[in-house]
Amino acid sequence: MKDFNLSIYNTLSRKKEKYEPIIPGHTGLYVCGPTVYGDAHLGHARPAITFDLLYRYLKHSGFKVRYVRNITDVGHLVNDADDGEDKIAKKARLEELEPMQVVQYYTNRYHKNMEQLNVLNPDIEPHASGHIIEQIEMIKQILDAGLAYEVNGSVYFDVKKYNEKHHYGKLSGRVLDDLLNTTRTLDGQEEKRNPVDFALWKKAGKEHIMRWPSPWSDGFPGWHLECSVMSTKYLGEKFDIHGGGMDLMFPHHECEIAQNVAATGNEPVKYWMHNNMITINGQKMGKSLGNFINLDEFFKGEHKLLDRSYTAMNIRFFILMAHYRSPLDFSNEALQAAEKGMKKLLNAAESLEKLQANGDVSTEDITAWKNKCYEAINDDLNTPILIAHLFDAVRMINSISEGKMKISESDLELLRNTFNAFVFDVLGLEKELSDSKGDQVVDGLMELILEMRMNARKNKDWGTSDAIRDKLNELSIKVKDGKEGSSWSIE
RNA sequence: GGUCACGUGGCCGAGCGGUUAGGCAGAGGUCUGCAAAACCUUGUACAGCGGUUCGAAUCCGCUCGUGACCUCCA
């Protein structure tokens with residue numbers, strides 16, 4: 001843990017702060033997961049990868065991390081008139097499915113996409129629908145505190161009253177008076193005392209199929225409640241890091257804080273982290289805007305905006321090339337540039353494996369390089385800088401293998417350990433192998449073919465050697481002639 | 001309308017008071033039977049206008065432009 005010196009930009013203070021966990025050596029991490037009513041799109045990949053990076057770096061540094069990422073499968077309304085339809089239920093009705101069938105279907109598909117992106121599984125993945133009892137309990141606590149009120153079987157959070165003693169808007173920088181003046185009047189809000197009040201429990205209409213009994217009515221919990229309840233249940237009343245997309249800052253995360261403070265008296269989160277959005281032609285990519293591209297569409301190249309298909313690793317690297325708090329604009333050019341850069345990095349990783357020490361003293365300072373890498377990741381997970389340093393290492397690796405740079409035994413080991421740790425363990429990149437079953441056979445065949453080609457070259461039979469290379473090229477196998485023999489790769 | 005961000009070379013994208021970001025593309029070279037790869041060299045950018053400063057992409061003000069949130073959203 002000696003290289004670990006992380007500072008995190010805390011949305012709460014709008015400053016970078018040194019990361020000091022509540023319990024030394026441990027970290028409780030909660031991230032808002034998907035609402036499972038549709039396939040994951042590029043926008044979903046960003047928080048998943050951002051907080052996967054954080055999770056990986058903490059684990060790499062020796063932390064014991066409990067990572068909780070929820071599945072929202074109830075209570076998330078189509079619009080916030082608060083009598084809107086539940087997203088899951090709507091999808092279920094459209095497709096004539098049992099709601100939990102929809103939930104399971106999209107949860108499975110989400111998991112598959114995450115695996116493709118090499119996003120590690122969280123330690124706990126709770127479902128909102130599995131925590132109705134706890135949610136009812138928290139509503140009772142908030143009612144007991146006098147900060148919620150019941151109307152016709154529904155329970156609302158009394159924002160104005162809460163704001164008398166606490167600051168509603170502290171996370172997102174809102175002022176309640178402004179909110180009261182600027183919040184649009186929506187239909188179905190006549191039950192609320194103030195338009196800023198939000199639902200904790202909603203009485204279900206007659207055709208509402210997802211419903212649970214409660215002291216107030218047969219109904220369902222409000223969306224903001226699940227995260228308050230599940231984070232408290234699994235991480236405690238005060239935990240270290242809460243992450244999510246910037247668009248969730250208000251009202252979702254603001255409401256979470258209010259609910260926790262109202263129910264337990266505790267400020268729940270020490271560090272709030274928010275990733276920025278992915279844009280497409282400068283505009284936010286989102287389900288409601290209809291301009292999103294599903295991850296599967298990327299993998300298959302099936303979308304009118306895509307020139308061709310892109311691998312999951314390509315997308316992962318593309319996302320890591322930008323800082324998580326900067327907006328990132330999608331384009332085919334940017335994706336293809338990222339792909340080439342990533343290949344360069346992974347090729348270097350491969351040649352690093354075969355590298356031999358070639359001197360007693362190294363001509364470059366590997367320890368200084370390693371320190372720069374840690375400095376970058378420690379600085380609020382600055383992956384673009386980290387990647388720039390990794391490209392420095394690529395240059396060194398290639399120079400060593402060409403004999404233009406000297407490296408000692410111990411420095412080579414340091415370079416190898418550090419490079420691999422960052423590329424594979426922390427950034428979570430992986431070589432995309434086809435199916436490993438056939439690989440051994442392919443390797444054998446390729447060795448044979450290249451040997452035959454080498455013989456032809458020795459005999460200056462350029463016709464044969466070029467024909468072999470061209471034919472392989474047609475099969476997307478690229479042959480490179482190096483100093484000590486030829487190598488090949490599938491493009 | 002309110003609140004808050006942002007505007008960097010052909011493209012993507014860091015930096016946020018003084019010294020090369022990096023990647024992709026481009027140009028020249030080395031190597032090679034040729035090719036590819038690799039390596040070396042190369043570009044001198046920070047929306048505009050003012051101001052602060054010995055010195056500003058970097059701080060302040062104004063103007064223009066873009067976006068986010070204020071309603072479900074990763």
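Protein chains get the first letters and strands the later ones, always in sequence-line order, with residue 1 at the start of each. In this text the structure is predicted, and so the values were computed from the model without any measurement.
- Residue contacts shown for Q283(A) are limited to sugar-phosphate atoms, with no base heavy atom under 4.0 Å away.
- For the OP1/OP2 pair of A35(B) and a distance below 4.0 Å, the side-chain nitrogens and oxygens of K478(A) include no atom meeting the criterion.
- Residues that satisfy the side-chain hydrogen bond (donor to acceptor under 3.5 Å, both in side chains) test with R308(A), not counting sequence neighbours, are E339(A).
- Atom CG of L117(A) is separated from atom P of A74(B) by 15 Å (rounded to the nearest Å).
- To the nearest whole angstrom, the two C1' atoms, one in C11(B) and one in G26(B), are 12 Å apart.
- Here K460(A) lies out of heavy-atom contact (under 4.0 Å) with every strand.
- Checked against A25(B), A14(B), G22(B), the side chain of P384(A) finds its nearest nucleotide in A14(B).
- If you check A74(B), A37(B), A14(B) against the side chain of K480(A), the one that comes closest is A37(B).
- In this structure, E474(A) places its CD atom 18 Å from P of A36(B), rounding to the nearest Å.
- In the set G13(B), A74(B), C69(B), the nucleotide with an atom closest to the side chain of R174(A) is C69(B).
- Listed candidates were A74(B), A35(B), C24(B). Nearest to the side chain of D481(A) is A35(B).
- Contact of R469(A) with A35(B) (side chain to base): a donor-acceptor pair of N or O atoms is detected under 3.5 Å.
- With salt bridges taken as basic N to acidic carboxylate O contacts below 4.0 Å, one links R56(A) and D52(A).
- Within the 4.0 angstrom heavy-atom criterion, base atoms lie near M277(A).
- The side chain of A337(A) approaches C24(B) more closely than any other nucleotide in the set G22(B), A74(B), C24(B).
- Note on ring orientation: taking the six-membered ring where Trp is involved, the planes of H253(A) and W272(A) are tilted (angle from 30° to 60°).
- Only the P atoms considered, C6(B) is 12 Å distant from A47(B), to the nearest whole Å.
- As judged by a 4.0 angstrom heavy-atom cut-off over every strand, T279(A) is placed among residues making no nucleic acid contact.
- Comparing G9(B) with U52(B), their C1' atoms sit 28 Å apart, to the nearest whole Å.
- Counting non-hydrogen atoms under 4.0 angstrom, V479(A) reaches a base of the nucleic acid.
- Between E17(A) and K15(A) no salt bridge is recorded (no basic side-chain N to carboxylate O distance below 4.0 Å).
- Rounded to a whole angstrom, the distance from the C1' atom of C46(B) to that of C40(B) is 28 Å.
- Summarising the geometry, the separation between CD1 on I278(A) and P on A68(B) is reported as 14 Å, rounded to the nearest angstrom.
- Using a distance-only test at 3.5 Å, with no hydrogens or angles considered, a donor-acceptor pair links the side chain of Y271(A) to the main chain of K18(A).
- In this structure a side-chain-to-backbone donor-acceptor pair under 3.5 Å is present from N291(A) to K284(A).
- Ion pairing of D86(A) with R211(A) is absent here, as no side-chain N (NZ or NE/NH1/NH2) approaches a carboxylate O to less than 4.0 Å.
- Between P34(A) and D379(A), the residue whose closest nucleotide on RNA chain B is further toward the 5' end is D379(A).
- Side-chain N or O atoms of W369(A) include one that pairs as donor or acceptor with a backbone N or O of H389(A) at under 3.5 Å.
- For the side-chain hydrogen bond (donor to acceptor under 3.5 Å, both in side chains) test, residues two or more places apart in sequence or in another chain that qualify with D379(A) are K16(A).
- At least one side-chain nitrogen or oxygen of R395(A) sits closer than 4.0 Å to the OP1 or OP2 atom of C40(B).
- When distances are taken from the side chain of V394(A) to each of C12(B), G22(B), C39(B), the shortest belongs to C39(B).
- The CD atom of E402(A) sits 14 Å away from the C1' atom of A36(B) (whole-angstrom rounding).
- Residue D392(A) places no side-chain atom within donor-acceptor reach of the base of G22(B), judged by atom type and a 3.5 Å distance cut-off alone.
- Residue side chain N398(A) does not reach the base of C40(B) through any donor-acceptor N/O pair under 3.5 Å, judged by distance alone.
- Heavy-atom nearest nucleotides on RNA chain B were determined for G43(A) and for K16(A), and the one closer to the 5' end corresponds to K16(A).
- Across the protein-nucleic acid pair, L171(A) atom CG and C70(B) atom C1' stand 14 Å apart, rounded to whole Å.
- Side chain of T383(A) to backbone of L386(A): no donor-acceptor contact under 3.5 angstrom is found.
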Taking Watson-Crick and G-U wobble pairs with both distances under 3.5 Å, convert RNA chain B into its dot-bracket string, 5' to 3', dots for unpaired and | for cross-strand pairs. (((((((..(((.....[...))).(((((.......)))))....(((((..]....))))))))))))....
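- The residue L328(A) sits close only to the backbone: its heavy atoms come under 4.0 Å of sugar-phosphate atoms, none of a base.
- Of the side-chain N and O atoms in N382(A), one or more sit less than 4.0 angstrom from OP1 or OP2 of G15(B).
- Nearest to the side-chain atoms of N275(A) among the listed nucleotides A74(B), C11(B), A21(B) stands A74(B).
- Put simply, K284(A) has a side-chain N or O that comes within less than 4.0 Å of OP1 or OP2 on C69(B).
- Between A14(B) and S326(A), a contact under 4.0 Å exists linking OP1 or OP2 to a side-chain N or O.
- For the pair H242(A) and M273(A), the minimum side-chain heavy-atom distance is 4.5 Å or more.
- Picking from C70(B), A74(B), A21(B) the nucleotide with the shortest atom distance to the side chain of P251(A) gives C70(B).
- Evaluation of W462(A) against the base of G33(B) yields a stacking contact (centre distance < 5.5 Å, interplanar angle < 30°).
- Backbone-only engagement by H323(A) is indicated by non-hydrogen atom pairs under 4.0 Å involving sugar-phosphate atoms exclusively.
- Between H224(A) atom NE2 and U71(B) atom P the separation is 10 Å, expressed in whole Å.
- At whole-Å resolution of the value, NE2 in H389(A) and P in G15(B) are 11 Å apart.
- Per the geometry, CG belonging to N276(A) stands 14 Å off P belonging to G67(B), to the nearest Å.
- As judged by a 4.0 angstrom heavy-atom cut-off over every strand, A388(A) is placed among the base-contacting residues.
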